[in-house]
Asker: 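My structure is below; once you've seen it, I'll send some questions.
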Amino acid sequence: MADDLPLRAAQLLTLPSAARRLADIIAVADHPLSYDLVRHLLRVSEEDMAETLQETIHAGLVRRADDPFSYVPATDAIGSEIREAMAPERAERLRRQIAGAAERVHEERDG
């Protein structure tokens, strides 16, 4: 796995900021994240969301979960690598953002 790290680091550097943020958000989540929730967090258009997902999937950082409208890290090891490279404060801030966005998306669906 260590042999893959330089390639993954290079891939991350070449990704647009939205794709890097998407990989970070999905890596810190405790469960698969829905398309709606991730799009809400990224605040991007439908077209940009599709492109961002494609970039992170192609880079091998993210994959579809069992529910095809939800996303998880491509592997447990990749999720761990992304989390370990992240400052703990950033990981906690992203978790709070996920929780807040989940409430808002749930309210929008129900309201």
Side-chain angles (χ1 to χ4, degrees):
M1 187 62 66
D3 293 319
D4 295 339
L5 191 54
L7 177 59
R8 195 159 8 269
Q11 289 172 320
L12 281 170
L13 289 174
T14 62
L15 290 175
S17 62
R20 289 191 308 268
R21 181 166 161 79
L22 173 64
D24 287 351
I25 289 168
I26 290 175
V28 301
D30 297 331
H31 51 80
L33 295 182
S34 71
Y35 175 91
D36 292 344
L37 178 59
V38 175
R39 184 168 173 243
H40 184 85
L41 284 162
L42 292 179
R43 300 174 197 257
V44 295
S45 69
E46 193 79 32
E47 181 179 321
D48 288 345
M49 184 65 194
E51 184 176 320
T52 299
L53 278 168
Q54 190 63 26
E55 289 167 339
T56 56
I57 290 169
H58 181 71
L61 301 171
V62 170
R63 68 174 175 83
R64 290 180 194 260
D66 292 336
D67 168 1
F69 297 105
S70 294
Y71 299 88
V72 294
T75 66
D76 290 340
I78 288 172
S80 291
E81 286 178 18
I82 293 171
R83 286 188 301 276
E84 289 170 10
M86 193 181 306
E89 301 82 26
R90 176 167 166 70
E92 185 54 37
R93 186 174 64 247
L94 288 174
R95 286 185 186 102
R96 285 193 308 269
Q97 290 173 356
I98 291 166
E103 287 180 25
R104 287 187 296 279
V105 168
H106 183 71
E107 288 171 2
E108 289 172 6
R109 287 181 190 156
D110 293 346

Asker: Taking R63 for its side chain and V72 for its backbone only, find out whether a donor-acceptor pair lies under 3.5 Å.
Answerer: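 No, the answer is negative, given that no donor and acceptor are paired below the 3.5 Å cut-off.
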Asker: Could you check S17 against R20 for side-chain hydrogen bond (donor to acceptor under 3.5 Å, both in side chains), going step by step and ending with a plain yes or no?
Answerer: CA-CA 5 Å; S17 62; R20 289 191 308 268; 4.9 Å; no
Asker: Please report the shortest heavy-atom distance between R21 and L94, naming the atom on each side.
Answerer: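 Between these two residues, the closest heavy atoms are NH1-CD2, 3.4 Å.
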Asker: What heavy-atom pair brings A59 and L15 nearest, and what distance separates the two atoms?
Answerer: CB-CD1, 4.2 Å
Asker: Got a second to check how far D48's CG is from L53's CG, nearest 0.5 Å?
Answerer: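 Rounded to the nearest 0.5 Å, the CG-CG separation comes to 11.0 Å.
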Asker: Which atoms form the tightest heavy-atom contact between P32 and S70, and what is the distance?
Answerer: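 Closest approach of P32 to S70: CB-CB, 3.9 Å.
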Asker: To the nearest 0.5 Å, what is the distance between NE2 (H31) and CD1 (I98)?
Answerer: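 The CD1 atom of I98 is 7.0 Å from NE2 of H31, to the nearest 0.5 Å.
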Asker: Assess whether side chain to side chain contact (heavy atoms under 4.5 Å, CB included) is satisfied between E55 and L22, documenting all intermediate values.
Answerer: CA-CA 10 Å; E55 289 167 339; L22 173 64; over 6 Å; no
Asker: Measuring from E81:CD to T75:OG1, what's the distance to the nearest 0.5 Å?
Answerer: 7.0 Å
Asker: Taking the side chain as everything from C-beta on, heavy atoms only, tell me whether L42 gets closer than 4.5 Å to I25.
Answerer: yes
Asker: Minimum heavy-atom separation for I26 to P73, with atom names?
Answerer: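 Result for this residue pair: CG2-N, 3.4 Å.
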Asker: What's the spacing between R43 CZ and M49 CE if we round to 0.5 Å?
Answerer: 13.5 Å
Asker: What's the separation between atom CG in L37 and atom CZ in R104, rounded to the nearest 0.5 Å?
Answerer: 9.0 Å
Asker: Would you compute the distance between atom OH of Y35 and atom CD of E46 and round it to the nearest 0.5 angstrom?
Answerer: 3.0 Å
Asker: Under the 3.5 angstrom rule, does the side chain of T56 hit a backbone N or O of T52 as a donor-acceptor pair?
Answerer: yes
